[in-house]
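Step one of this worksheet: look at the structure below.
Naming convention: chains lettered A, B, ... in sequence-line order (proteins, then strands); numbering from 1 in each chain.
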Amino acid sequence: MAKEITPRSEDYSQWYLDIVQKARLADNSPVRGCMIIKPHGFAIWEHMRDALDIMFKETGHVNAYFPLFIPKSFLSKEAKHVDGFAQECAVVTHYRLKTIGDTPETRQVVVDPDAKLEEELIVRPTSETIIWNTYRDWIQSYRDLPILINQWANVVRWEMRTRPFLRTAEFLWQEGHTAHATADDAMEEARRMLDVYATFAEEFMAMPVIKGIKTENERFAGADETFCIEALMQDGKALQAGTSHFLGQNFAKAFDVTYLTKENQQEYVWATSWGVSTRLVGGLIMTHSDDDGLVLPPKLAPIQVVIVPIPKPSPALDEASNKIAAALRAKGIRVKVDNDDQNRPGFKFAEYEMIGVPVRLGLGMRDLDAGQVEVARRDTKTKESVPLENIDQYVADLLVEIQGALFERAKAYRDEHITKVDRWEDFEKVLEEKGGFVSAHWDGTTATEKEIKEKTKATIRCIPLDGVAEAGVCILTGKPSTQRVLFARAY
RNA sequence: CGGGGCGUAGCGCAGCCCGGUAGCGCACCUGCUUUGGGAGCAGGGGGUCCCAGGUUCGAAUCCUGGUGCCCCGACCA
C-alpha cells in the first residue's frame, strides 16, 4: 500500500526519514533546513518539556525569557565562543521592506536600503552572551548568587546539512544559565544537571546514556569543561543527547560580571550552561522504532492507549469503550476511543502502530460477550485476550512493563555495542563492521584525536565518568594512557 | 561548500529522447455493497507542467540563464 516504510536493513537513513513523515511527526518547510513540527511530533516534545520543566524546578530553577536577537558585538566578547558560532549565524541587517513597481506584473517587495540597522543583530545560536550581559546588572553581591535560570526557546544555527529533529537550522530547546560564587558551586551545578538529563533520558525516554566528559577538541565554545550524555542509535552511531557546561569565569570576564564577597573583595562570577533540544525526539525515534513505524515509551506517548471498536463503532461497543476509557483516564492514562466509522480495523491497527501508540485495545461483540478485550502491545507486536474486569489496572501495569522493557532492550543493545579494543586493526574493524562504542586507550592529545577521526570518521564521544583508571597504551600512537575513552561515529 | 538527483493535482510518479487535446496510482467528494489486520465497484472534483527568456504556426517536451528542494560527503547540538 501507500504507507510503506523503507526497512532499516536496506537504508537506515531513509528509514528514519520515512518514520518522521509517516508517523506524522514533521514536514519539511519552504525554508531549507527548517521543519514544521506537526501535532503528533510536537505532543512528544511537549511531554518531554513538561517532565524536564518539573525536574528543573525541583532542582531550584526558575524560567525566564531573553530576546531572540542579540547585538552582533556581544558575540565577539568571548573569543572562543565567537569562533565556535560565527560560521553559522543568521544575521538581521534591515528592519523594513518596501514595494517597488507600478503595475501588478512588475510589483515586488524588496529590502528597503534606507532601513539598514546601525548594528546588525544576530539570531541567537545560544544565549550566553545576552544573558551574561544582563547578569552584569543583576549581580552585585554574593547575596545575589546563585542565579538559577532556565529558558525554553528557539535558536538558529545555519547548518550546512540538516536532518529532521537531529539537526535543523532552527530548533527548540531549553538552555539553563546559572551564576555562582565559587568554582565548586558551578561545577556541582553542571554535574547536577547532567544527572537530571541522564535520569530523564533513561526514565522517560527509556534511552540508556553514558555520562562523560568531552575532550578539549569537542568542548563547547567558551566552556572550561563540557559534560555530556551519549546514547547509541540502532545503526551503531552515537548521539550526543545533552550537554552541561562548566563555563568557569569566561563569560563573567567577557561581560565584566563581578560580585562582592563577604570579605568585600571583587570576584568574577562562575557560570554553567546546559541544554537539550528537539534532537531528543530524533534520538527517541532511533532508539526504539522498527520497520512498522514509531515505537514510543508510554511516558512520552501522546496517546498511551487506543480503543478500537471492531469492526466499527456501535452503541454497545461505544458504551463499553467509553467505560473502559473512563476507568483508564481515572488512572491518569492518556486514552483515545477511535470513533471513526470510515476506516476498517486493519487500517486502524496499522495506523496506530505507525504512530507508536504503546497499547491497543480491540473490542468487538465477540469479546464483549466473552467479557474480555484484545490487548495488543506495540513494542512486541503481541496480542492476548484479557478479562474486562480490572482492565484499567491491567493496562496501567502493562504500560509500566512496556516502559521498562523498552529500556532493557535498548540497554542490552547498547551494552552489546561497547567493545573494548587494544589493537589498531581491531579498532578499525569494529567501527566498520560492528559499530557502536569502542572503548580504547588514547594518549590525551588533540592531534591524535584528529588523526583517528580522519582515518576512521570516529570521534571521542566522551571520557566516561564511571571509567576506571587503567594503565594502557594509545590505540594509535602507543603512548602511555591511564584511562579508556569511548570512540564512535556520531550524528 | 563539493558530488549526485529531482522540480508535472495534496502525496508519489509517468509523459520529455522523437514538439500537436495534461495522464496514472494514492488521497479527496458522492452513491452502493462491504467490515475481527491497510475493502470493492461506479461516478466526480482538482493543474501557473519551478521561474525568465529564446526557437517554433504550436513548447511540460528543444535551447540559454536563473532558482528551489532532496540525498551523499566535509563542518556542527
Side-chain angles (χ1 to χ4, degrees), chain A residues 1-6 11-14 16-18 21-22 24 27-35 83-89 105 108 125-126 154-175 197 214 217-221 223 226 228-231 238-245 273-283 292-293 308-314 317 340-354 360-368 370 373-374 376 381 383 385 450 453-454 457 459 461 489-491:
Chain A
M1 295 302 291
K3 295 273 190 177
E4 272 171 28
I5 296 173
T6 306
D11 184 343
Y12 192 82
S13 180
Q14 190 58 49
Y16 176 79
L17 294 169
D18 285 353
Q21 197 216 92
K22 303 249 161 72
R24 300 196 294 267
D27 275 342
N28 285 320
S29 82
V31 180
R32 190 198 73 89
C34 296
M35 65 174 170
D83 284 350
F85 288 106
Q87 299 296 314
E88 50 188 31
C89 275
E105 292 76 36
Q108 57 176 310
T126 181
N154 58 339
V155 288
V156 169
R157 297 181 188 174
W158 213 265
E159 300 285 353
M160 291 180 183
R161 178 136 148 58
T162 60
R163 311 184 70 184
F165 292 107
L166 293 174
R167 178 170 295 103
T168 48
E170 178 194 16
F171 55 94
L172 307 184
W173 77 344
Q174 58 71 216
E175 44 182 330
Y197 287 156
K214 286 291 186 190
N217 186 46
E218 296 276 331
R219 198 177 284 160
F220 175 75
T226 288
C228 62
I229 52 172
E230 293 284 329
L239 182 77
Q240 177 175 307
T243 48
S244 180
H245 314 292
S273 69
W274 29 274
V276 296
S277 72
T278 36
R279 165 178 268 198
L280 289 180
V281 177
D292 294 318
V308 179
I310 298 169
K312 62 178 182 179
S314 71
L317 290 176
D340 171 90
D341 60 359
Q342 298 300 311
N343 293 306
R344 299 166 24 148
F347 180 89
K348 293 178 180 179
F349 295 167
E351 200 65 16
Y352 290 116
E353 281 158 14
M354 186 78 77
R360 184 184 74 234
L361 303 184
L363 190 65
M365 287 313 294
R366 188 199 296 170
D367 303 293
L368 211 50
V373 61
E374 182 183 81
K381 304 275 307 241
K383 294 191 282 197
S385 286
K450 284 183 173 167
K453 184 178 180 182
E454 276 196 19
K457 294 181 191 164
T459 50
R461 300 320 303 159
R489 289 178 183 158
Y491 278 98

In terms of the angle between their ring planes, are A:F220 and A:H245 parallel, tilted or perpendicular, with boundaries placed at 30° and 60°? parallel
A:N28, nearest nucleotide to its side chain (from B:rC70, B:rG36, B:rG37): B:rC70
Is the positively charged end of A:R167 above the ring of A:Y491, judged by distance under 6.0 angstrom from the centroid and angle within 45° of the axis? no
From CD of A:Q21 across to P of B:rG10 the rounded distance in Å is 16 Å
B:rC72 OP1/OP2 closer than 4.0 Å to side-chain N/O of A:R161: yes
For a quick check of understanding: with a heavy-atom distance under 4.0 Å over all strands, which category does A:Q240 fall into, base, sugar-phosphate or nothing? sugar-phosphate
Using only modelled atom types and a 3.5 angstrom limit, is any donor from either the side chain of A:E351 or the base of B:rG37 paired with an acceptor on the other? no
note: A:K312, atom NZ; B:rG37, atom P; distance rounded to Å ~ 16 Å
Between B:rC1 and B:rC57, how far is it from one C1' atom to the other, in whole Å? 47 Å
Taking for each residue the nucleotide of RNA chain B with the nearest heavy atom, is it A:S29 or A:E353 whose nucleotide lies nearer the 5' end? A:E353
For the side chain of A:P311, counting heavy atoms from C-beta on, which of B:rC71, B:rG37, B:rU35 is nearest? B:rU35
Please state the P separation for the pair B:rC16 and B:rA74 - nearest whole angstrom. 38 Å
Applying a 3.5 Å limit to both distances, which nucleotide forms a Watson-Crick or G-U wobble pair with B:rA77? none
Does A:R344 have a side-chain nitrogen or oxygen under 4.0 Å from the phosphate oxygens OP1 or OP2 of B:rG37? no
Lys/Arg N to Asp/Glu carboxylate O, A:E351 vs A:R24, below 4.0 Å: yes
For atom P, what is the distance between B:rG23 and B:rA9, given to the nearest Å? 14 Å
What nucleotide, of B:rG37, B:rC76, B:rA77, holds the atom closest to the side chain of A:E88? B:rC76
Which base sits across from B:rA60 as a Watson-Crick or G-U pair, both distances under 3.5 Å? none
Once you apply a heavy-atom cut-off of 4.0 Å, does A:F171 come out as touching a base, just sugar-phosphate, or nothing? base
Say we look at B:rU56 and B:rG19: how far apart would their C1' atoms be, to the nearest angstrom? 9 Å
If you assign A:E170 and A:G346 each to the RNA chain B nucleotide with the nearest heavy atom, which residue ends up on the more 5' nucleotide? A:G346
With both distances kept under 3.5 Å, what pairs with B:rA39, Watson-Crick or G-U wobble? B:rU33
OP1 or OP2 of B:rC72 sitting under 4.0 Å from any side-chain N/O of A:S13? yes
Mind checking who B:rC24 pairs with, Watson-Crick or G-U wobble, both distances under 3.5 Å? B:rG12
Give me the distance, rounded to whole Å, that separates B:rG5 from B:rU48 when you measure between the P atoms they each carry. 28 Å
Given the P atoms of B:rA60 and B:rU8, what is the spacing between them in whole Å? 15 Å
Using the C1' atom on both, measure B:rG7 against B:rA52 and round to a whole Å. 16 Å
Applying the 3.5 Å cut-off to both distances, the Watson-Crick or G-U partner of B:rG46 turns out to be none
Is there a donor and acceptor pair, one atom on the side chain of A:N343 and one on the base of B:rG38, closer than 3.5 Å? no
Indicate yes or no for a side-chain donor-acceptor contact from A:S29 to the backbone of A:C34 under 3.5 Å, with no hydrogens or angles considered. yes
Side chain A:Q240, main chain A:R461, donor-acceptor under 3.5 Å: no
Residue matched to B:rG2 through Watson-Crick or wobble contacts both under 3.5 angstrom: B:rC72
What integer distance in Å separates A:D341:CG from B:rG36:P? 15 Å
Please check: side-chain N/O of A:R157 versus main-chain N/O of A:P125, any donor-acceptor pairing under 3.5 Å? yes
In the structure I gave you, are the side-chain heavy atoms of A:M354 and A:I5 within less than 4.5 Å of one another anywhere? yes
OP1 or OP2 of B:rG73 sitting under 4.0 Å from any side-chain N/O of A:K457? no
Mind calculating the distance between CZ (A:R163) and C1' (B:rC76) to the nearest angstrom? 14 Å
Just how far, in rounded Å, is P of B:rU30 from CD of A:Q342? 9 Å
Send over the distance from A:I310 CD1 to B:rU35 P, rounded to a whole Å. 14 Å
Would you indicate what A:E218 reaches in the nucleic acid, counting non-hydrogen atoms under 4.0 angstrom: base, sugar-phosphate, or nothing? nothing
Does B:rG19 pair with anything, Watson-Crick or G-U wobble, both distances under 3.5 Å, and if so, with which nucleotide? none
Would you mind classifying the nucleic acid contact of A:L17 as base, sugar-phosphate or nothing, using non-hydrogen atoms under 4.0 angstrom? sugar-phosphate
Can you check the A:Y197 OH to B:rA77 P distance for me, whole Å? 15 Å
Hey, is the side chain of A:K453 poking within less than 4.0 Å of OP1 or OP2 on B:rC76, counting only N and O atoms? yes
Does B:rU67 have a Watson-Crick or wobble partner in any strand here, with both distances under 3.5 angstrom, and which is it? B:rG7
When you measure from the side chain of A:R279, which nucleotide among B:rA74, B:rG37, B:rA77 comes out closest? B:rA77
Rounded to the nearest angstrom, tell me the gap between atom CD in A:Q87 and atom P in B:rC76. 10 Å
Just by distance, do the side chain of A:Y16 and the backbone of A:P164 share a donor-acceptor pair under 3.5 Å? yes
A:A241 and A:L280: which non-hydrogen atoms are nearest, and at how many Å? O-CD2, 3.2 Å
Which part of the nucleic acid, if any, lies within reach of A:T459 when heavy atoms closer than 4.0 Å are counted: base, sugar-phosphate only, or nothing? nothing
Take atom C1' in B:rG46 and the same atom in B:rA59, then report the distance between them in whole Å. 24 Å
